[in-house]
Amino acid sequence: IAHEPVSSDPPNHGARLTQFTILHIEDNPANLRLVEHILERRPGIRLLNAMQGSLGLELAARYSPDLILLDIHLPDLGGEAVLERLRTDPRTAKIPVVIVSADATARQIRRFRDAGVDGYITKPLDVHHFLAVIDRHIHNDEPQPDDEPG
């Protein structure tokens with residue numbers, strides 16, 4: 001399942017964003033809706049959803065999103081396999097990937113960091129933290145240490 005766009009009125013600060021594409025690879029419909037709802041706070045974001053890792057890989061190659069939000073527990077391919085394929089495909093190798101998962105042990109986070117993720121956000125989502133991470137990617141700011149749990 002793929003759909004788009006999510007937008008709302010522009011915030012009172014900053015310039016209006018033209019278009020920023022986020023691919024969200026997540027198999028839970030409630031989590032997809034939650035992220036869609038949260039991103040309504042950011043104008044100009046085009047949101048693509050994939051409920052399977054294989055579809056996420058296809059969408060990433062086809063649309064070259066600016067950011068990928070990746071759950072690690074997917075029905076067809078695990079997040080680690082999806083990340084490995086994203087990083088080895090020249091069409092998707094440079095796309096920032098942020099893991100969004102409830103599986104947030106220090107070992108797990110370190111493993112994904114070593115595999116090349118650009119951030120790790122834990123579920124349940126802290127909306128302000130989630131938006132701060134998204135905003136940093138929209139504005140191409142350097143990732144901050146708080147992109148992952150302490």
Side-chain angles (χ1 to χ4, degrees), residues 1-11 15-104 108-109 111-144 147-149:
I1 296 174
H3 66 62
E4 54 185 273
V6 175
S7 63
S8 67
D9 294 329
R16 185 178 177 95
L17 181 65
T18 53
Q19 187 80 28
F20 187 85
T21 301
I22 296 176
L23 171 59
H24 186 199
I25 306 172
E26 164 69 64
D27 65 321
N28 183 311
N31 290 338
L32 290 169
R33 284 190 304 273
L34 175 62
V35 166
E36 183 175 305
H37 179 71
I38 293 169
L39 291 178
E40 287 174 353
R41 299 174 186 204
R42 294 297 178 266
I45 290 181
R46 175 184 187 203
L47 181 64
L48 304 172
N49 286 325
M51 293 184 72
Q52 296 180 337
S54 56
L55 177 59
L57 291 167
E58 289 175 32
L59 293 176
R62 185 179 311 143
Y63 293 102
S64 297
D66 300 293
L67 176 65
I68 297 172
L69 301 175
L70 176 62
D71 182 33
I72 58 176
H73 299 291
L74 300 165
D76 60 338
L77 294 170
E80 204 160 1
V82 172
L83 180 64
E84 180 181 332
R85 292 181 191 185
L86 287 168
R87 291 298 180 239
T88 57
D89 185 332
R91 299 170 296 175
T92 59
K94 300 291 185 195
I95 300 171
V97 176
V98 173
I99 299 294
V100 182
S101 177
D103 191 350
Q108 180 82 321
I109 293 167
R111 200 169 95 230
F112 275 96
R113 282 283 189 190
D114 291 346
V117 300
D118 299 278
Y120 204 109
I121 300 173
T122 58
K123 296 176 188 173
L125 294 180
D126 173 314
V127 175
H128 296 291
H129 174 70
F130 179 80
L131 287 172
V133 172
I134 297 298
D135 289 346
R136 278 195 287 278
H137 284 280
I138 288 173
H139 300 295
N140 288 316
D141 294 340
E142 287 297 313
Q144 300 296 311
D147 279 4
E148 62 189 54

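All heavy atoms count here, side chains included; hydrogens, waters and symmetry mates do not.
- At a threshold of 4.5 Å between non-hydrogen side-chain atoms, the residues Val98 and His137 count as touching.
- Judged as a side-chain contact (heavy atoms from CB on, under 4.5 Å), and not counting sequence neighbours, the contacts of Ile95 are Pro65, Ile68, Thr92.
- Listed by first and then second residue, the salt bridge (charged side-chain N to carboxylate O under 4.0 Å, His left out) pairs involving residues 53-65 amount to none (not counting sequence neighbours).
- With contacts defined as side-chain heavy-atom distances shorter than 4.5 Å, the pair Asp71/Asn31 does not qualify.
- With sequence neighbours left out, Arg91 forms a salt bridge (charged side-chain N to carboxylate O under 4.0 Å, His left out) with Asp89.
- With sequence neighbours excluded, the residues satisfying side-chain contact (heavy atoms from CB on, under 4.5 Å) with Gln108 are Ile72, Asp103, Thr105, Arg111, Phe112, Tyr120.
- When the side-chain contact (heavy atoms from CB on, under 4.5 Å) test is applied to Ala93, no partner is found at least two apart in sequence or on another chain.
- Within the 4.5 Å cutoff, side-chain heavy atoms of Asp66 are placed close to those of Thr21.
- Checked against side-chain contact (heavy atoms from CB on, under 4.5 Å), Pro75 has the following partners two or more places apart in sequence or in another chain: Asp27, Gln52.
- Remark: Asp76 pairs with no residue by the salt bridge (charged side-chain N to carboxylate O under 4.0 Å, His left out) rule, at least two apart or across chains.
- The residues Asp114 and Arg87 are annotated as not salt-bridged, no charged nitrogen and carboxylate oxygen being separated by less than 4.0 angstrom.
- A distance-only check finds no donor-acceptor pair linking the side chain of Arg85 to the backbone of Leu57 [under 3.5 Å].
- Leu125 places a side-chain heavy atom less than 4.5 Å from the side chain of Val35.
- In this structure, Arg42 and Phe20 have side chains that are not in contact, with every pair of non-hydrogen atoms separated by 4.5 Å or more.
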